[in-house]
Amino acid sequence: MSLIVVGTMAYDAIETPFGKTDRIVGGSATYVAWSASNFYQPIKQVSIVGGDFEQQEMNELADRGVSFEGVEVVQEGKSFFWSGRYHTDMNTRDTLITDLNVLAQFNPQLPESYQDCQYLMLGNLAPAVQKSVITQLKNRPKLIVLDTMNFWMDIALDELKDVLKMIDVLVVNDGEARQLSGEYSLVKAAKVIRGMGPKFLIIKKGEHGALLFYNEQIFSAPALPLEEVFDPTGAGDTFAGGFIGYIAMKDDISFETMKKGVIMGSVMASYCVAEFGPERLKTVTKEDIDARLLEFEELANF
Ligand code: AMP
């Protein structure tokens, strides 16, 4: 059994009110893998990088049980590059640059060793690529989770709607849920989006927590009020990684386990935002995770 993670492995330039970095490792699959590997290994990565992607970054992930057989390296190409600037409230950001680079030619071929996939995390990436991974799997995984963003809604809405029919859980933020559904009320938005395919829907609300929708049920998870948010980049992917990693560890896709998965996602995201890039995720321990889980329990217990 294995967990497949599909997404970008990238370099980012980030500007927050607290600092600026010109080039730091990032990408949706990078954050998902760092987060999920705290709960479940092996992780089988599917991505594409250029010759500029540092081997050291892959080695560090390999030490966490991540395999790269499904990662294409285009020696003469450049890795995906994204640049963003956060507003003072840190809840909103402007994308300054999205350079697809090698991503523009990505056509993943799943290795035979990936066919034992039970849990599939389709991290933020072109919807057509996400779909191609699903269709290459001979046996349907137990659970398919998909993350996406406004960028793909803007340029590939039909492909996105196509892949939504094939998945179980969609993870988006509140703005994206509104854009996708055309509804302002998140409850109405959830109905519309679940009508597009996914049985489960998670709507992240930044510093206000997350909602999980399933049938007529809604689970509301708090976000831990943090004194300092240094860099929110990757928090969404880290959330998704904690969610699917926990579910894969439990090997259970009930609503009850998903609720706890949402909390684990929130725990991991709360660590991600503490430093630039995935740096804090590299050092987080099981004790850290357990301690923060307790804080979450106390926060909403009455
Ligand atoms: P998040 O803050 O969770 O939305 O994730 C930010 C990460 O997603 C950054 O490390 C970027 O490299 C990556 N990213 C930004 N835009 C895209 C995109 N259009 N597709 C895939 N990954 C992206």
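Counting starts at 1 for both ligands and their atoms, in listed order. Numbering starts at 1 and runs along the sequence shown.
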Next on the checklist: Just to be sure I understand the cut-off, which residues have at least one non-hydrogen atom under 4.0 angstrom from an atom of ligand 1?
Outcome noted: T8, A10, D12, G26, G27, Y31, F80, W82, R93, N124, M149, F151, W152, P232, T233, G234, A235, G236, D237
Checklist entry - Under the side chain to side chain donor-acceptor pair (under 3.5 Å) rule, what pairs show up with a residue in residues 184-198, not counting sequence neighbours? => result none
Item to check | Pairwise side-chain contact, L122 with L120, heavy-atom cut-off 4.5 Å (strictly under) | outcome: yes
Checklist entry - So, E69 side chain and K44 main chain: donor-acceptor pair closer than 3.5 Å or not? => result no
Checklist entry - Do Y271 and T238 come close enough that some side-chain heavy atom pair is under 4.5 Å? => result no
Next on the checklist: Under a plain distance cut-off of 3.5 Å, with no hydrogens placed, do T283 and E279 share a side-chain donor-acceptor pair?
Outcome noted: no
Next on the checklist: Nearest 0.5 angstrom please: M9 CE to E72 CD, how far?
Outcome noted: 13.0 Å
